[in-house]
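Down below is the structure, laid out as structure tokens.
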Amino acid sequence: MADRCTVGNVEIIAVVDMIPPAREPSAFFAGVTANQWGPYKEYLENGQVQLYYGAFVVKTKDGTMMVDTGMGPGPHPERGNRTGNLYEVIRPVLLPPDNTRNTNVSPSDEVKFVVHTHLHADHVGWNLRYQGGMPAPTFRRARYILPKADYDYYTTKEMLEKFPHIQKQVMPLRRLRLQEIVEGDYQITGEVSCAPAPGHTPGHQVVMVNSGGQKAMLVGDLLHSPVQVAEPSWCAAVDYDKNQSHRVREQLLGQAEREGWIIAAGHFPPGQQVGKVVSRQGKRRWQPL
Ligand SMILES: [Zn+2]
């Protein structure tokens, strides 16, 4: 059971921002029958799919990164008063112990990179904070790295009307000169890169860590539930292109298993976000570290 791990010289720490309402399995994984869930009941909570909205802090010698920023403080009208608390959760993770008495140092100043796997609301929520209607970056010393295909897709006039979180948490980054739009395989530092893994959204990407001979993949929404390690064809109803999502998941899980990568999945339950893909009797399954 682990919410953190080291990969060579890099430390990966999962943080939970918000616990959203549980979903009916048949609604979350459309087309999957109750029978098909038979062997996988352990992945349901009270018979429901329970996601967690989180993010990862990745500490490297070249600076600390956030991979995604959770759902944010809201208000989230559809969820009443259930607001994110990631900002409080990351405080002790980010702040070096010797700085605890220096009130001029904001923990968020430690972050040099914010890397987005994609631009859904539960992954960009803490990018900016609002005071008197004006946006200010939560991570004011960071470069915000966004995948181009998502940026292009979600910033049309039509999409901006449909998804207010883009207007609120993504659009101001440009004016603030904090954003960097990337495409294809992109090396962020010597040890960390992002790689296209489309399907969930047009520009969805994974974040790869390669340090000291070890590899890890932060999967974003390539995986919503550990059940998808055993059943990669099960696609979230919200996936943009389900065939592509399935194909890319199958390919990356296969590679992760063959090469022994550590996998970090932010939607998995607390303590199970970090693990490996293992096979038993020809069937893959999720093995938390
Ligand atoms: Zn998500």
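Read the numbers this way: they start at 1 and go in the same order the structure lists the ligands and their atoms. We count residues from 1, following the sequence as given.
Nearest N, O or S atom of Asp221 to the Zn ion (ligand 1): atom OD2. Residue Asp122 approaches the Zn ion (ligand 1) most closely through its N/O/S atom OD2.
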Criterion salt bridge (Lys or Arg N to Asp or Glu O under 4.0 Å) on Arg284 and Glu250, from CA distance to verdict: CA-CA 11 Å; Arg284 283 192 197 121; Glu250 176 68 46; 3.3 Å; yes
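Distance check for His200 against the Zn ion (ligand 1): none of its N/O/S atoms falls below 2.8 Å. With a cut-off of 2.8 Å, the Zn ion (ligand 1) has no N, O or S atom of His120 in range.
Using a 4.0 Å cut-off between a side-chain N of Lys or Arg and a carboxylate O of Asp or Glu, Lys112 and Asp62 do not qualify as a salt bridge. Salt bridge annotation for Glu161-Lys157: present, with a cationic side-chain nitrogen under 4.0 angstrom from a carboxylate oxygen. Under the 4.0 Å criterion applied to side-chain N and carboxylate O atoms, Arg285 and Glu257 are not assigned as salt-bridge partners.
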